[in-house]
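Notes for the one structure printed next.
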Amino acid sequence: MLKRTQYCGKVNEEYIGKTITVYGWVNRKRELGGLTFIDLRDREGIIQVVVNESFSDPKSIKKIGNEYVISATGKVIARSNPNPDIYTGKIELVAESIEILSVSEVPPFYPESNKDVSDELRFKYRYIDLRNQQMQENFRIRSRVAMVARNYLADRGFLEIETPILSKATPEGARDYLVPSRVYKGKVFALPQSPQLFKQMLMVSGFERYFQLAKCFRDEDLRADRQPEFTQIDIEMSFTEPEELFEIIEGMVKEIFALTGKTIQTGFRIMPYDEAMNDYGSDKPDLRIPYKIKDFTEEVKRFNSAILNGIIENNGKIKALVLPDAAQYSRKVLDDINNYIKEIGGKGAIWIKNTENGFKASIKAEASDIEAFYKDNNIAPDHIVFLIGEVPEKALFLAGKLRERLGASFMDKNRLEFLWVVDFPMFFYNEDEQRFDSNHHPFTSPNLDELDKLDTDPISVKSIAYDIVLNGIEIGGGSRRINDIELQRKVFQLLKFSDTEIEEKFGFFVNALRFGAPPHLGIALGLDRIVMLLTGGDSIREVIAFPKTTSSLCLLSGSPSEVADKQLDELGIQVKK
RNA sequence: GGGGUCGUAGUUCAGUUGGUUAGAACGCAUGCCUGUCACGCAUGAGGUCGCGAGUUCGAGUCUCGUCGGCCCCGCCA
């Protein structure tokens, strides 16, 4: 085999007159009788190879099919009719010899057309899908993001330290993936949901600044932005405050986004959780959408609507979304909106607008009252009002979902709206279990000024936790950790862990707090989501080489799969069917 | 666990009210073609209508179940 001279996609005018050898896949072949063009593709791009009368064995070209792997050797010449669309368009390679390195059956689809093919097929033949230029670019960017993160953090004194993949099951949080132990029958390892406790113990060990590109595993149902295994840029540091962490993360995010030529302004907006929920109905608001949720609980009383008044009397609130261009909301669109609210658990959305026949609403209301309502609340006559009446949290949730759904058409999709959401409640009440649950995780420090309220009014206590949000997607989250063993015990107790449970589940970690745990805090950023946003994709599957489907299957390898009884025997496992 | 949507040629899709031999485009094969770059022209091959039941004289079409893709709710400390 002749040595490769250059990538197909990198051959330009400087090579004119030189004899070179390139390797690649046949992207497309065009036969014109005695003249054949082969577009040869490698990871850098495509070069046109010409086979003309000077070629020794024209018949051998006939059998070369698309996606064959070949090498081509010959002289580079200037094209008489250049192709301005590609980098190599000014030149072509006149083949002197061509070697077939590997044949290909007719593929189920061609890499360049992977967008026109079902996801099912793309997953099954992922190795072909990944030949697509955009896919290649996605993984190039992913690699560079990882590199930038490593260099950036290393420059600031962070050490990359690996933590175990085979580890201990955690009692709350997501469902664990379990790995049975052969040596200790009936006992299992768990794959880490995150390296949380290990990184905290590295702080106890005195490393002060840790990071890791950590694989995490959570056995929960999937979404476009959720896979059972995913990668976090995991960070932990001692002897500092959140402000310094914010600065470090913002600087890193800035460098990461610079990779694709995007300039971002650091000093991200910081928004309390309560404000996010109140104004946007979400703890990860998409600030590209220029509308906030309004509260019209008082204002709608003038309609004397039995429905609305009934909701209000039952401690409900009337949350509202006011959007421009009421005319575009046809009967069908309004029905769709109403159905959407029902789908996500609401009773429906009430609309109010000005029509050719005057002010109208989907509830009974006097036109004059509606007109006065518009006037008093400074609502432009051509705007539509959606009302959602429910108990407050639900009303906000539903209005928030509606805001995201309807607001998308009013926003500049190219903007990057970063923000920190802070001051999360420490706990929320778990109705099913009749107890408090951690909002973040049980190692999160409560606001140190509110410790006295832990006993009297725990639900009101805020934690020192923070999420970083970009365009409505949570790209990371973290907190200050508890480094005081008594406070940690207290929080466990509030979460209704018995002493035995604490000892069994977290004993090893609580022990670490006994031997000089420094104040520390940290964060984890979702690498997959960041790369997805960077590459303009709408699913993290586009930036994970071998992803699972929505039902957690790997269509390429056929996993999960059954194993031989012998393997199960060795593990002391019997399978229920 | 729940809701929505989709599954027909290698691929993307069409397929009327249930009715003869299931179509198109691209791809593929063969032939022609010396400047193409989505080459062109001609000819041809290619179907378990996801799978299984049921209704019917007759099912791609209707019903039930099941498997799979995607989106969403729950879930995801």
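Reminder, nothing fancy here: chain letters follow the sequence lines and each chain counts from 1.
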Between [N] and [M], how far is it from one [atom1] atom to the other, in whole Å?
N: B:C6; M: B:G58; atom1: P; result: 28 Å
N: B:C72; M: B:A9; atom1: P; result: 28 Å
N: B:A45; M: B:A29; atom1: P; result: 16 Å
N: B:A25; M: B:G44; atom1: P; result: 13 Å

Please determine if A:R405 forms a cation-pi arrangement with A:Y340, meaning its NZ or CZ atom is less than 6.0 Å from the six-membered ring centre and no more than 45° off the ring axis.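 Relative to the ring axis of A:Y340, which defines the angle, A:R405 lies inside both limits.
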
Return no unless some side-chain N or O of [X] is found under 4.0 Å from OP1 or OP2 of [N].
X: A:N66; N: B:C28; value: yes
X: A:S113; N: B:C26; value: no
X: A:R529; N: B:C76; value: no
X: A:Y177; N: B:C76; value: no
X: A:S80; N: B:G35; value: no
X: A:K124; N: B:G69; value: no
X: A:S118; N: B:G69; value: no
X: A:R223; N: B:C75; value: no

Both A:I344 and A:V50 contact RNA chain B. Which one's nearest nucleotide lies toward the 5' end?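 Its nearest nucleotide lies further toward 5', so the answer is A:V50.
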
Exercise: do A:S194 and A:Q232 side chains pair donor with acceptor under 3.5 Å: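 Looking only at side-chain atoms, A:Q232 and A:S194 do not form any donor-acceptor pair under 3.5 Å.
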
What nucleotide among [options] has an atom nearest to a side-chain atom of [X]?
X: A:L35; options: B:C71, B:U34, B:C37; answer: B:U34
X: A:K62; options: B:G1, B:G31, B:C72; answer: B:G31
X: A:N81; options: B:U36, B:C72, B:C76; answer: B:U36

Whether over 12 other heavy atoms sit under 6.0 Å from A:K75 NZ: no

Assign [X] to base, sugar-phosphate, or nothing according to its heavy-atom contacts below 4.0 angstrom with the strands shown.
X: A:D119; value: sugar-phosphate
X: A:F109; value: nothing
X: A:S194; value: base
X: A:R28; value: sugar-phosphate
X: A:L553; value: sugar-phosphate
X: A:Y125; value: nothing
X: A:N439; value: sugar-phosphate
X: A:F443; value: nothing
X: A:E31; value: base

Whole-Å gap separating P (B:C75) and CG (A:L222):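 The distance from CG of A:L222 to P of B:C75 comes to 16 Å, rounded to the nearest Å.
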
When the distance from CG of A:D283 to P of B:C76 is rounded to whole Å, what number comes out? 13 Å

Ion pair [X]/[Y], N-O distance below 4.0 Å:
X: A:K90; Y: A:E13; value: yes
X: A:E112; Y: A:R41; value: no
X: A:D225; Y: A:R529; value: yes

Counting Watson-Crick and G-U wobble pairs only, both distances under 3.5 Å, name the nucleotide matched with B:C70, or none.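 Per the H-bond distance test, B:G4.
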
